[in-house]
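Working notes, beginning with the structure itself.
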Amino acid sequence: ALETIEALEVLHGGGPEDLREVTLALGSEMLRAAGVARSTAQAERQLERAVREGAAANKMSEIVKAQGGDPRVVEEPDRLKPARYQVTVAATKRGFITGVDPLELGYASMGLGAGRTRAEEPVDPGAGIRLHAQLGDEVRAGDALATLYSSRRSLLQPGAARTLAAFELGKRRRALPSRIIGAIRLCAPLSLRSARALNPRNHASNEAPRARHFLGFLLKHLGPPGVPRSMTHVSLLRCYERSLGLACLSSNRGNGIDP
């Protein structure tokens, strides 16, 4: 519910500034890849107009309705309710936020019920984490860093400890990395055949060098910290099998990947 609410806010011209920036970048690349826009500037103008004139929200309503959902949530995001129990994690000292570990936050969110370790486990749609502070912010002891939500009260304290550990505080504000690491555009779509060419056993494919070079770049420069390279390989491969031949890469820390 939490991330859906934020997404709907963006479609109405609001939402967090960082989410708007990354969404605009991804949307611009999609329009360019589809041939709808000739430049990033043109694509951004089209996207901003779609949001401003309500076309973006209207399309979302159509999508929700087509999947059997209640389209009223697009105009009334408050219909999406966070989980019943909540706890706020506060800073323990004064300082600047010099690091936020997204992987640790992901595990904390999963522990609240927002994710699962096995396919048969249920997912709590109201569970998750709402961040109140970001990289570079100055905080004082007692300032709210995040609020955790879960349908099980017993899961809050372990999640709170893990969330607090994800924040690093320092005495000086650090230079903020760009949220958009870069965009890799291929001259042709990276097809399923290209994705299969990433398999080291398939050396005969003409697309193998191009595909392996692309994946190699991502693994070398953008692999998430603490995640085994084999897991990263599988994740990227699944993504490429459905790709349009582009990847827009973003990160809060400059060392994560969100294709």
Tested for side chain to side chain donor-acceptor pair (under 3.5 Å) against T40, the lone hit among E29, R45, R32 is R32
Should the heavy atoms of other residues, nucleotides or ligands under 6.0 Å from CZ of R84 be counted, would the total exceed 12? no
Looking only at heavy atoms, the pair that brings A7 and L19 closest together is N-CD2, 4.4 Å
Between S178 and I181, is there a donor-acceptor pair closer than 3.5 Å when you use the side chain of the first and the backbone of the second? no
I'd like to check L176 versus L135 (side-chain heavy atoms, cut-off strictly below 4.5 Å). Are they in contact? yes
Spacing of T163 atom OG1 and L156 atom CG [to the nearest 0.5 Å]: 10.0 Å
Given 3.5 Å as the limit, does a donor-acceptor pair link the side chain of D124 with the main chain of S151, or not? yes
Distance check, rounded to the nearest 0.5 Å: R130 atom CZ versus L2 atom CG? 5.0 Å
Evaluate whether atom CD of E3 has more than 12 neighbouring non-hydrogen atoms of other residues, nucleotides or ligands under 6.0 angstrom away. no
Using a 4.5 Å side-chain heavy-atom cut-off and chaining through intermediate ILVMFWY residues, the residues clustered with V73 come out as I5, L8, L11, M60, V64, V74, L80
Report yes if the side chains of V87 and Q157 come closer than 4.5 Å at any heavy-atom pair, otherwise no. yes
Any side-chain heavy atom of Y107 sitting closer than 4.5 Å to one from R162? yes
Any side-chain heavy atom of E21 within less than 4.5 Å of one from I180? yes
Following the transitive rule for hydrophobic clusters with a side-chain heavy-atom cut-off under 4.5 Å over Ile, Leu, Val, Met, Phe, Trp and Tyr, establish whether L26 and V36 coincide in one cluster. no
Could you measure the distance from the CG atom of L155 to the CG atom of L148? Nearest 0.5 Å is fine. 10.5 Å
Within 6.0 angstrom of R173 CZ, more than 12 heavy atoms from elsewhere: yes
Give, for atom CG of L169 and atom CZ of R94, the distance between the pair rounded to the nearest 0.5 Å. 12.0 Å
Check the pair D70 / K65 against side-chain contact (heavy atoms from CB on, under 4.5 Å), numbers first and verdict last. CA-CA 6 Å; D70 183 354; K65 184 177 181 180; over 6 Å; no
Same apolar cluster: V139 and L164, side chain cutoff 4.5 Å: yes
Drop me the distance from T92's OG1 to D143's CG, to the nearest 0.5 angstrom. 11.0 Å
Using a 3.5 Å distance criterion without hydrogens, assess whether the side chain of S28 forms a donor-acceptor pair with backbone atoms of A43. no
With distance as the sole test, does R20 use its side chain to make a donor-acceptor pair with the main-chain N or O of G15 at under 3.5 Å? yes
Within a strict 4.5 Å, meaning less than it, do heavy atoms of the T147 and V89 side chains meet? no
Interatomic distance, CE@M110 vs CD@E121, rounded to 0.5 Å, equals 8.5 Å
Polar side-chain atom of S109 near backbone of L105 as donor-acceptor pair, under 3.5 Å: no
Considering only heavy atoms from C-beta outward, does the side chain of I97 approach that of E168 to under 4.5 Å? no
R152, CZ atom: more than 12 neighbouring heavy atoms under 6.0 Å: no
Less than 4.5 Å apart, side chain to side chain, heavy atoms only: is that true for E17 and R179? yes
Between N58 (side chain) and G54 (backbone), is there a donor-acceptor pair under 3.5 Å? yes
Between L112 and I129, is there a side-chain heavy-atom distance shorter than 4.5 Å? yes
Smallest heavy-atom separation, R153 atom then Y85 atom, equals NH2-CE2, 3.1 Å
